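Worksheet: the structure to be examined is printed underneath.
Chain A is the first sequence line, chain B the second, and so forth, proteins listed ahead of strands; every chain is numbered from 1. On a predicted model such as this, the values are computed, not experimentally measured, just so you know.
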Amino acid sequence: MSKIRVRFAPSPTGPLHIGGARSALFNYLFAKKEGGDFIVRIEDTDLERSNRESEENIKDSLRWLGMDWNEGIDVGGPFAPYRQMERLDTYKAAVEQLFASGQAYYCYCSEAELEAEREASLSQKAMPIYSGKCRNLTKEERSAKEAAGIKPVIRLRVEGDEPIIIDDLVRGQVSFERAGIGDFVIVKSDGIPVYNFAVVVDDHTMNISHVLRGEEHLSNTPRQVVLYQALGWDMPQFGHISLILGKDKSKMSKRHGSVSVVNYKDQGFLPEALVNFLALLGWAPEGEREMFSLSELTKEFSLSRVSKSPAVFDIEKLKWLNGQYLHNLPKETIAEGIGPFVKEANLSEEQVLLLAETLQKHLNTFSEVTDYLPLFLGTENEPQNAEAAAVLAENTVPLVLKAFAEKFAKIEPEPENIKTILKEIRKENNLNGAQVFMAVRVALTGCQHGPDIHNLIALMGKENVAVRLAQTAKRVGQ
RNA sequence: GGCGCGUUGGAGAAGUGGCUGAACUCACCAGCCUUUCACGCUGGCAUUCAGGGGUUCGAAUCCCCUACGCGUCACCA
């Protein structure tokens with residue numbers, strides 16, 4: 001059996017989408033698992049929408065996620081070039097072959113004509129299929145059209161009525177009626193091949209063995225099968241991965257929020273977590289474990305455990321997963337990660353480090369750090385709710401706060417020192433932990449829940465603590 | 001509308017004829033740990049697999065019908 005060769009073939013019409021990243025990942029994992037090659041090819045035949053920035057973004061995103069490719073753009077390879085617009089000659093050869101065997105023909109129909117035909121069949125509740133009007137034009141008719149300056153498209157002659165059966169790796173046997181396809185366009189009037197044609201030629205000439213892609217391509221597949229048959233080529237194996245859905249169960253798109261990989265990067269997600277999460281979208285590991293590094297996934301992955309039903313993108317789960325990875329990072333790395341989000345606050349390096357340590361177990365993403373900033377920046381400390389207000393109403397509170405203010409004035413505001421004075425207050429007044437800690441916590445932050453209070457106080461600094469204490473004193477009417 | 005695919009708890013999702021009297025995870029609730037908070041740990045959480053029929057000794061798992069959801073029908077990929 002020949003070598004496994006798979007490819008990820010995005011069109012550079014925007015930043016790498018979550019769905020694209022998942023397709024790329026499954027291809028990557030399959031290739032690595034089977035000892036095959038992973039190829040990245042760019043499908044840029046849509047001149048209107050393709051652009052280089054998108055291509056750069058796609059490459060960056062793939063690399064950020066940790067997927068490298070054996071062949072393709074940037075790295076080159078034996079089947080270069082890997083950009084469709086640079087492979088026009090290859091398509092031309094295939095078109096010639098199709099003309100030679102009488103399976104392709106020029107079509108001069110105008111868009112308006114086609115549109116009218118389409119509407120007519122639609123109104124009769126039939127499938128819009130090209131009529132085949134230009135199938136048998138004579139030489140004279142053709143030269144007349146050419147003389148009139150009409151640029152033709154090239155269509156494939158699709159005849160017969162045997163059903164088209166696809167043995168899909170994930171969906172099993174799927175069959176389509178040949179009559180439902182019609183003579184479709186393979187080369188546009190500007191001479192550029194259409195997607196369905198270019199993929200077939202590329203996949204064949206690049207020896208692609210397995211085509212793993214999103215389910216939205218399933219209904220394209222019969223056209224490609226017909227093309228393989230017309231060209232007399234062996235087909236790769238197809239596998240259509242179910243779609244990724246948003247919360248409302250429709251295909252994930254912009255209106256579901258962030259859809260491109262860079263968005264997640266910018267929000268402070270870790271590539272390890274995103275890869276792990278993406279792998280779980282439509283694929284399930286064998287055991288109960290669900291945290292896997294990319295290289296572990298490479299060993300665990302198997303096409304037989306890819307599911308047919310669509311996967312819903314659950315952002316909460318992603319956050320949780322990201323948190324799992326985040327919690328295990330050294331505090332220096334966390335400090336680096338939260339850096340961009342605390343820039344405004346002008347914290348010193350030590351403060352950022354202390355903040356990182358303090359929030360480590362609280363953060364699910366780096367960007368969440370901003371939620372915690374008001375706890376020690378600014379002076380907002382009004383009790384958050386009735387329960388918090390009730391804490392301040394305890395009769396031991398004035399005593400605790402007074403003692404705290406006095407002792408705090410005499411120390412350097414460092415976590416260890418703060419720990420010491422709080423312990424002293426507890427002992428000297430014979431109070432329990434909650435009485436001291438809750439009083440101080442609510443008095444200073446207005447919240448009953450939150451990160452380690454010693455660190456928080458240290459981050460506030462002397463002046464801020466004094467202000468907050470005074471505000472609370474005023475509020476409770478002392 | 002045609003064609004195609006899917007439908008398991010509040011959410012994600014295992015499970016393709018008996019070991020599932022439906023894993024695991026998120027969320028939620030209870031308890032433990034913790035001098036506070038959090039992390040962590042333990043337990044609880046679908047008499048049931050969209051609905052209806054059928055096949056079978058036995059069905060979430062196979063077949064049929066209905067409903068619903070989604071995808072796709074371009075000189076876009």
Problem - Residues which pass salt bridge (charged side-chain N to carboxylate O under 4.0 Å, His left out) with A:Asp183, listed by chain and number, not counting sequence neighbours - result: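 So A:Asp183 forms a salt bridge (charged side-chain N to carboxylate O under 4.0 Å, His left out) with A:Arg135.
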Practice task
Using salt bridge (charged side-chain N to carboxylate O under 4.0 Å, His left out) as the criterion, list what pairs up with A:Arg171, not counting sequence neighbours.
Solution key: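 A:Arg171 satisfies salt bridge (charged side-chain N to carboxylate O under 4.0 Å, His left out) with A:Glu215 only.
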Handout entry: Nearest to side-chain heavy atoms of A:Trp320, which nucleotide of B:A27, B:A77, B:U36
Key =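 Among B:A27, B:A77, B:U36, the one nearest the side chain of A:Trp320 is B:A27.
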Exercise for the section: Would you indicate which nucleotide in B:A13, B:C26, B:G4 comes nearest to any side-chain atom of A:Ala311? Expected result: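 Looking only at side-chain atoms, A:Ala311 lies closest to B:A13.
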Handout entry: Strand RNA chain B in bracket notation, Watson-Crick/G-U under 3.5 Å with | for pairs to another chain
Key = ((((((((.[[[..)..(.....]]].(((((.......))))).....[[[[[..)....]]]]])))))))....
Close N/O contacts between protein and nucleotides 14-17 of chain B (under 3.5 Å):
| unit_1 | atom_1 | unit_2 | atom_2 | d |
| --- | --- | --- | --- | --- |
| B:A14 | O3' | A:Arg305 | NH2 | 3.3 |
| B:G15 | OP1 | A:Arg305 | NH1 | 3.0 |
| B:G15 | OP1 | A:Arg305 | NH2 | 3.1 |

Problem - Pairs touching residues 431-447 of chain A that satisfy salt bridge (Lys or Arg N to Asp or Glu O under 4.0 Å), sequence neighbours left out - result: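 Of all non-adjacent pairs touching residues 431-447 of chain A, none passes salt bridge (Lys or Arg N to Asp or Glu O under 4.0 Å).
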Whole-Å distance between [N] [atom2] and [X] [atom1]?
X        : N     : atom1 : atom2 : answer
A:Tyr372 : B:A38 : OH    : P     : 10 Å
A:Leu321 : B:A13 : CG    : C1'   : 14 Å
A:Leu218 : B:C5  : CG    : C1'   : 7 Å
A:Leu280 : B:C26 : CG    : C1'   : 12 Å
A:Glu288 : B:A22 : CD    : P     : 16 Å
A:Lys319 : B:G12 : NZ    : P     : 17 Å
A:Glu387 : B:C37 : CD    : P     : 12 Å

Decide, yes or no, whether a salt bridge links [X] with [Y] under the criterion of side-chain N to carboxylate O below 4.0 Å.
X        : Y        : value
A:Glu296 : A:Lys299 : no
A:Lys407 : A:Glu428 : yes
A:Glu159 : A:Arg178 : no

Practice task
Determine the contact category for A:Ile453: base if any of its heavy atoms lies under 4.0 Å from a base atom, sugar-phosphate if only primed atoms, P, OP1 or OP2 are that close, otherwise nothing.
Solution key: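 Answer is base: heavy atoms of A:Ile453 come under 4.0 Å of a base.
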Practice task
Nearest-nucleotide wise, let me know which of A:His362 and A:Asp314 is further upstream toward the 5' end of RNA chain B.
Solution key: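 Between the two, 5'-proximity favours A:Asp314.
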Practice task
Could you say whether A:Met438 or A:His327 is positioned toward the 5' end of RNA chain B, judged by the nucleotide with the nearest heavy atom to each?
Solution key: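 Taking each residue's closest nucleotide, the earlier one in sequence belongs to A:Met438.
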Exercise for the section: For RNA chain B, determine which residues of residues 13-22 of chain A have any heavy atom closer than 4.0 angstrom to one of its atoms, and list them numerically. Expected result: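 Close to the strand, none.
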Fill in the blank from the handout: With sugar-phosphate taken as primed atoms, P, OP1 and OP2 and all else as base, the protein-contact string of nucleotides 67-76 of chain B at under 4.0 Å (heavy atoms; B, S, -) is ---SSS-SBB
Ignoring hydrogens and angles, write down the donor-acceptor pairs under 3.5 Å from the side chains of residues 312-325 of chain A, residues two or more places apart or on other chains.
| unit_1 | atom_1 | unit_2 | atom_2 | d |
| --- | --- | --- | --- | --- |
| A:Asp314 | OD1 | A:Glu316 | N | 3.2 |
| A:Tyr325 | OH | A:Asn276 | OD1 | 2.5 |
| A:Tyr325 | OH | A:Phe292 | O | 3.2 |

Can you give me the N/O atom pairs linking the protein to nucleotides 31-35 of chain B at distances under 3.5 Å, or say none if there are none?
| unit_1 | atom_1 | unit_2 | atom_2 | d |
| --- | --- | --- | --- | --- |
| B:U35 | O2' | A:Gly433 | N | 3.0 |
| B:U35 | O2 | A:Arg426 | NE | 2.5 |
| B:U35 | O2 | A:Arg426 | NH2 | 3.3 |

Practice task
Could you go through the side-chain hydrogen bond (donor to acceptor under 3.5 Å, both in side chains) check for A:Asn381 and A:Thr472 one step at a time?
Solution key: CA-CA 8 Å; A:Asn381 69 340; A:Thr472 298; 3.2 Å; yes
Problem - Residues forming a side-chain hydrogen bond (donor to acceptor under 3.5 Å, both in side chains) with A:Asp202, sequence neighbours excluded - result: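 So A:Asp202 forms a side-chain hydrogen bond (donor to acceptor under 3.5 Å, both in side chains) with A:Gln84, A:Arg87, A:Tyr91.
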Practice task
Mind checking side-chain hydrogen bond (donor to acceptor under 3.5 Å, both in side chains) for A:Gln267 and listing every partner two or more places apart, or none if nothing turns up?
Solution key: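 A:Gln267 satisfies side-chain hydrogen bond (donor to acceptor under 3.5 Å, both in side chains) with A:Ser258 only.
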Atom pairs and distances, side-chain donor-acceptor, residues 451-461 of chain A, under 3.5 Å, sequence neighbours left out:
| unit_1 | atom_1 | unit_2 | atom_2 | d |
| --- | --- | --- | --- | --- |
| A:Asp452 | OD1 | A:His454 | N | 3.0 |
| A:Asp452 | OD1 | A:His454 | ND1 | 3.2 |
| A:Asp452 | OD1 | A:Asn455 | N | 3.0 |
| A:Asn455 | ND2 | A:Thr358 | OG1 | 3.1 |

Problem - Backbone N/O of A:Lys133 and side chain of A:Ser131: donor-acceptor pair under 3.5 Å - result: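 Yes; judged by distance alone, with no hydrogens or angles, the pair exists.
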Problem - Member of A:Glu146, A:Glu141, A:Glu113 meeting the side-chain hydrogen bond (donor to acceptor under 3.5 Å, both in side chains) criterion with A:Tyr108 - result: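 Among the candidates, only A:Glu146 passes.
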